[in-house]
Amino acid sequence: MIRIMKYGEVANADIFARSIPEVDVAGIVSDIIADVRIRGDAALLDYCEKFDKVKLKSLEVTPTELDAAIAKVEPEFIDVLETAAANIRAFHEKQVRASFIIAEKDGVVMGQKVIPLDRVGLYVPGGTAAYPSTVLMDAIPAKIAGCGEIVMVTPPAKDGSINPAILAAAKVAGVSRIFKVGGAQAVAALAYGTESIPCVDKIVGPGNAFVAEAKKQVFGRVSIDMIAGPSEILVVADSNSNPRHVAADMLSQAEHDKMASAVLVTDSMALAEAVQAEIDRQVKALPRFEIASTSIDVNGKIIVADNIDQAINIANAIAPEHLELCLDNPFDYLDRIRHAGSIFMGRNCPEALGDYLAGPNHTLPTGGTARFYSPLSVDDFVKKSQYTYFTAPALEAVSDKIARFARKEGLEAHARSVLSRFE
């Protein structure tokens with residue numbers, strides 16, 4: 001059963017704790033990366049046989065396979081994908097940055113170019129569930145940014161196939177190429193390239209501990225979005241909230257993973273006890289009961305605060321991936337939220353709306369990293385170059401200042417590189 005704790009009566013360490021296990025996979029991942037760098041496709045095929053229990057002849061999904069898989073997807077779900085994709089595009093198109101130029105001084109031109117990445121890699125998890133929503137959320141911003149090629153990797157099933165819903169999402173989102181490989185070996189292939197899989201400039205997407213560690217180890221060779229941990233939800237709710245709805249929203253994240261975190265912060269002990277009873281009742285009816293119940297027992301908690309202002313402070317300190325403000329006037333509190341990946345406003349905005357259909361991205365910072373990370377966006381798929389142009393008179397006008405600055409830092413050659421032009 002989920003724990004109830006009164007803020008101020010238990011240690012802050014218990015209030016803010018995240019029970020994320022320390023899994024030492026660095027050595028295993030390092031060996032896998034080295035093997036893929038040396039043996040390329042042969043290593044990937046061996047790992048598919050070892051970890052995914054399938055002997056593949058080739059890694060890439062062919063156009064024929066793609067069409068055959070999509071034909072198996074019910075038209076109603078294709079329509080849902082199209083609706084979600086349209087909403088995601090509409091939201092992310094607002095994020096597009098323009099290049100700029102400054103030419104306000106005589107003889108001086110400066111500017112910044114916004115340049116899409118040439119090729120990006122999307123990691124789409126397999127494992128205990130399939131996530132076509134992740135395909136849309138990761139690929140559509142890359143497409144809007146103008147990336148030249150979008151390469152997707154995802155683990156195959158034991159029969160060598162990819163979940164048709166994932167392939168349908170890839171088609172809708174505009175993914176360029178799809179490969180049947182997962183785990184740390186897929187990350188290595190994207191970072192260094194193999195005979196079949198081209199190397200990319202950036203890798204995005206969530207995964208298990210091996211995928212997260214691989215992303216850490218290849219960072220620098222390529223860029224990455226973030227290190228995603230177990231899913232999280234924090235609900236701030238008052239006494240007017242419906243305990244059945246709050247419990248259902250918390251369980252929507254608990255069913256993701258045994259290490260997922262579901263937290264309620266409320267100013268009402270009556271609501272806390274009602275939600276506790278609702279979670280105990282509802283979790284028993286879930287198909288993923290074992291996962292959700294373990295998550296609730298290990299990481300779930302209900303924190304009773306003195307008032308909603310204190311609840312907001314607690315939420316900021318936890319910095320959750322998903323934050324629901326189940327309050328009558330959520331916009332009154334929006335400016336006070338400093339640390340949250342995605343904020344769901346009011347009593348009719350369950351987190352699942354954001355997972356699938358609303359439009360804002362669902363690839364979000366976890367583990368408290370919302371203090372300094374942002375949701376995945378179009379910005380993740382572009383880079384910037386800046387440029388400067390000075391005429392000779394414009395440079396001469398500031399040459400003494402540049403020389404003075406350079407000499408203050410003890411860099412005489414810097415000073416002379418400017419002054420020599422006017423001797």
Side-chain angles (χ1 to χ4, degrees), residues 1-7 10 14-21 23 125-134 206 208-209 228-305 311 314-315 318 320-327 340-342 344 346-357 362 364 366-367:
M1 181 174 286
I2 195 167
R3 300 163 292 166
I4 297 177
M5 50 186 72
K6 184 75 170 68
Y7 187 72
V10 296
D14 293 329
I15 293 286
F16 300 119
R18 280 178 165 91
S19 300
I20 299 175
V23 182
T128 60
Y131 297 108
S133 56
T134 295
N208 61 18
S231 296
E232 303 171 344
I233 187 170
L234 188 150
V235 180
V236 173
D238 59 18
S239 58
N240 294 326
S241 298
N242 186 319
R244 183 163 60 91
H245 298 166
V246 173
D249 290 358
M250 294 172 71
L251 288 170
S252 74
Q253 290 307 290
E255 73 172 351
H256 266 300
D257 185 276
K258 290 181 178 180
M259 296 312 301
S261 170
V263 177
L264 166 63
V265 187
T266 180
D267 62 345
S268 167
M269 181 60 78
L271 179 72
E273 292 172 347
V275 169
Q276 182 186 53
E278 275 293 326
I279 288 176
D280 190 50
R281 181 184 68 82
Q282 291 183 31
V283 72
K284 294 170 183 174
L286 292 177
R288 293 166 68 89
F289 164 75
E290 183 182 359
I291 291 172
S293 61
T294 301
S295 165
I296 289 297
D297 291 344
V298 174
N299 281 326
K301 64 187 76 170
I302 298 173
I303 303 166
V304 180
I314 293 169
I318 292 175
E321 177 188 19
H322 306 98
L323 172 63
E324 287 189 7
L325 297 179
C326 291
L327 307 167
S342 195
F344 299 84
R347 304 190 196 280
N348 301 301
C349 199
E351 183 278 330
L353 174 65
D355 268 350
Y356 301 116
L357 213 70
H362 82 193
L364 303 168
T366 61

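Just so we're clear, the structure is a prediction, and the values are computed from it rather than from any experiment.
- Closest approach of Leu271 and Ala237 over heavy atoms only: CD2-CB, 3.8 Å.
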Side chain to side chain contact (heavy atoms under 4.5 Å, CB included) between Ile303 and Ile318, intermediate numbers included
CA-CA 12 Å; Ile303 303 166; Ile318 292 175; 4.3 Å; yes

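- The CD1 atom of Ile2 lies 10.0 Å from the CG atom of Asn299; values are rounded to the nearest 0.5 Å.
- The CG atom of Asn208 sits 14.0 Å away from atom CE of Met259, with the distance rounded to the nearest 0.5 Å.
- Contact annotation: the side chain of Lys301 approaches that of Met5 to within less than 4.5 Å [non-hydrogen atoms, C-beta and beyond].
- The side-chain heavy atoms of Arg347 and Asn242, taken from C-beta on, include no pair separated by under 4.5 Å.
- A 4.5 Å side-chain heavy-atom check between Gln282 and Arg244 finds at least one atom pair inside the cut-off.
- Contact detail for Arg3 and Val298: the closest heavy-atom pair is NH2-O, 3.8 Å.
- When all heavy atoms of Pro206 and Pro125 are compared, the pair lying nearest together is O-CG, 3.3 Å.
- Every side chain to side chain contact (heavy atoms under 4.5 Å, CB included) that Ser133 has, sequence neighbours left out, goes to Tyr131, Tyr356, His362.
- With a 4.5 Å cut-off on side-chain heavy atoms, His256 and Ile233 do not count as touching.
- Summarising the geometry, atom OG belonging to Ser295 is positioned 10.5 Å from atom CD belonging to Glu232; distances are rounded to the nearest 0.5 Å.
- Put simply, the side chain of Asp238 never gets that close to the backbone of Thr266: no donor and acceptor are under 3.5 Å apart.
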Are Ile296 and Leu251 close enough, and set up right, to give a side chain to side chain contact (heavy atoms under 4.5 Å, CB included), and what steps lead you there?
CA-CA 8 Å; Ile296 289 297; Leu251 288 170; 3.9 Å; yes

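- Nearest heavy-atom pair across Leu364 and Ser342 is CD1-CB, 3.7 Å.
- In this structure, Leu234 CG and His322 NE2 are separated by 12.0 Å, a value rounded to the nearest 0.5 Å.
- Listed here is the closest heavy atom pair of Ser293 and Val283: N-CG2, 3.8 Å.
- The OG atom of Ser268 lies 8.5 Å from the CD atom of Glu273; values are rounded to the nearest 0.5 Å.
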If you apply the rule side chain to side chain contact (heavy atoms under 4.5 Å, CB included), what do you find for Cys349 with Glu324, and how did you get there?
CA-CA 8 Å; Cys349 199; Glu324 287 189 7; over 6 Å; no

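- Residues Asp267 and Ser239 approach most closely at OD1-N, 3.9 Å, considering heavy atoms.
- A donor-acceptor pair under 3.5 Å is formed between the side chain of Ser241 and the backbone N or O of Cys326.
- Side chain of Lys6 to backbone of Met269: no donor-acceptor contact under 3.5 angstrom is found.
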Can Asp249 and Glu351 be said to form a side chain to side chain contact (heavy atoms under 4.5 Å, CB included), step by step?
CA-CA 7 Å; Asp249 290 358; Glu351 183 278 330; 5.9 Å; no

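- Of the inter-residue distances, the one linking Ile279 atom CD1 with Leu264 atom CG reads 7.5 Å to the nearest 0.5 angstrom.
- A search for salt bridge (Lys or Arg N to Asp or Glu O under 4.0 Å) contacts involving Asp257 returns nothing, not counting sequence neighbours.
- The neighbour count for Arg281 CZ, taken as heavy atoms of other residues, nucleotides or ligands under 6.0 Å away, is above 12.
- Applying the side chain to side chain contact (heavy atoms under 4.5 Å, CB included) rule to Lys258 yields the partners Glu290, Ile291, Thr294; only residues at least two apart in sequence or on another chain are considered.
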